[in-house]
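These notes are about the structure you will find just below.
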Amino acid sequence: MQYQSFGQSDGKQRLLGITYHVGEEFHHPLSGLRHISEAVSFFKMHSGDRLGHALALGIDIDYWFHNHRMTSMPCIEWMEDCLWAWETAVSMSEPNGLSSFTKFLETEILFCANSIYGTLNGISVKKLCDAYRSKTLDYADLREIERRWEQKNVGKSIDCLREDQNRSYYPCALQAFPDREFWWSEDALAMSYHCSYFKNRMSNEIMREVTLQEIDLTKQLQSLLRKMISENGIILEENPSSNAVIGEMDGVMSHPICNLRSKDSHDSIVIASINTDDPSVFNSNVANEHALIYFALLHHGYSVEESLQIMNEIREAGISSSFLSDAPPFDMLLEEYEVILRQIMM
């Protein structure tokens, strides 16, 4: 999205800075990483945009799984985590360590699909990936899927009456065709996301014992996603006091921001800024939040000189990436926002 910046005399277009809050709370680190990846790719984030919290990028994976030998989450969440990981692995053109996990991921995906749909007739991992990505379709594209369905199934109702007497305006395939075995098409899988019957089945909880394979997989995806975030110039907004309360960590001294860079290399450093979140709720200010991370860096083994250098880089990143660094007067900002709102409503 672009808008005309009235505060710039040269009349250049400027991208509207956006922040998405993702990856702070999750049932499984793969979920947190997937949500971060979805924000970047689905919402077309660009250099200078911000990710709020994004703790999954910096958590100690071994420590997290040490405290979570078993994981419980909705079936659809684990299936989509595995679909995202599988798609990431197979989409990489060069040989990579992720390729060794594809069989494991396919087994997990099809297990979840069978639990949700009650059959694997017509279902493939590729079709499930397409259905997963269909959640980002706009209204017109979704209506086109409905139109194709209606053309192929003339005379078949696309309504299904549930026991609670609520109607879903999308086809419940197993209910709509009780007289024959149903084979799932790509369109039917996409529409199942909007059907109350299958949404209930998707939300069923599954309990899993963590495997060494998925721990290694999570580590590799975390490293890959860090590199992508770094290369795209996306900024992390970290809120130490808030994160320590809301996120799952062993206090501020274990804040994930300390894991986002190597003491031995500056390759793929993720840029982060330190913020207060809601200072009245967390009884803090920016200076205090910076001090907390400084002592956290010392706690992680950085020297005083290294810690001060990192804190200075964080401070400069926060200032240089501010959305208001060259803001026009407030009345001009209001005028700009009114223009944006009018364009959106058109």
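Just so it is clear, the values below take in all heavy atoms, side chains as well, and ignore hydrogens, waters and symmetry mates.
Interatomic distance, CZ of F65 versus CD1 of I59, reported as 7.5 Å (0.5 Å rounding). Rounded to the nearest 0.5 Å, atoms CD (E38) and CD (E80) are 7.0 Å apart. C112 contributes atom SG, which lies 11.0 Å from atom OH of Y117 (distance to the nearest 0.5 angstrom).
With I257 as the partner, the side chain to side chain contact (heavy atoms under 4.5 Å, CB included) test is satisfied by one option alone out of L297, I293, L57, L55: I293. The only member of R208, K103, E214 that meets side chain to side chain contact (heavy atoms under 4.5 Å, CB included) when paired with E108 is R208.
Side-chain contact, H27 with E77: a donor N or O sits under 3.5 Å from an acceptor N or O. Donor-acceptor pairing under 3.5 Å is lacking for the side chains of E237 and S273. If you check the side chains of T119 and N121, you find a donor sitting under 3.5 Å from an acceptor. N239 and S241 are not linked by any side-chain donor-acceptor pair at a separation below 3.5 angstrom, with hydrogens and angles left out of the test. Judged by distance alone, the side chains of T276 and E289 never bring a donor and an acceptor atom under 3.5 Å apart. Between the side chains of W84 and S37, at least one donor-acceptor pair of N or O atoms lies under 3.5 Å. Defined by atom type and a distance below 3.5 Å, a donor-acceptor pair is missing between the side-chain atoms of R201 and N204. In this model, no donor atom of one side chain and acceptor atom of the other lie less than 3.5 Å apart for E305 and Q309.
Counting heavy atoms of neighbouring residues, nucleotides and ligands inside a 6.0 Å radius, atom NZ of K135 exceeds 12 of them. The 12-atom threshold is exceeded at OH of Y193, counting heavy atoms of other residues, nucleotides or ligands nearer than 6.0 Å. For H21, the NE2 atom sits in a packed shell: over 12 heavy atoms of surrounding residues, nucleotides or ligands are nearer than 6.0 Å.
Residues L221 and V270 share a single hydrophobic cluster, defined by chaining ILVMFWY side chains whose heavy atoms lie under 4.5 Å apart. The same ILVMFWY cluster, assembled from side-chain heavy atoms under 4.5 Å apart, contains both I274 and L260. No path of Ile, Leu, Val, Met, Phe, Trp and Tyr side chains, each step under 4.5 Å between heavy atoms, connects F111 with L83, placing them in separate hydrophobic clusters.
Here the side chains of N275 and V286 are not in contact, with every heavy-atom distance at 4.5 Å or above.
A tilted orientation is assigned to the rings of H28 and W78, their planes being inclined by 30° to 60°.
Note: F295 and H290 fail the aromatic proximity criterion, with ring centroids not under 6.0 Å apart.
Side chain of S91 to backbone of E87: a donor-acceptor contact under 3.5 angstrom is found.
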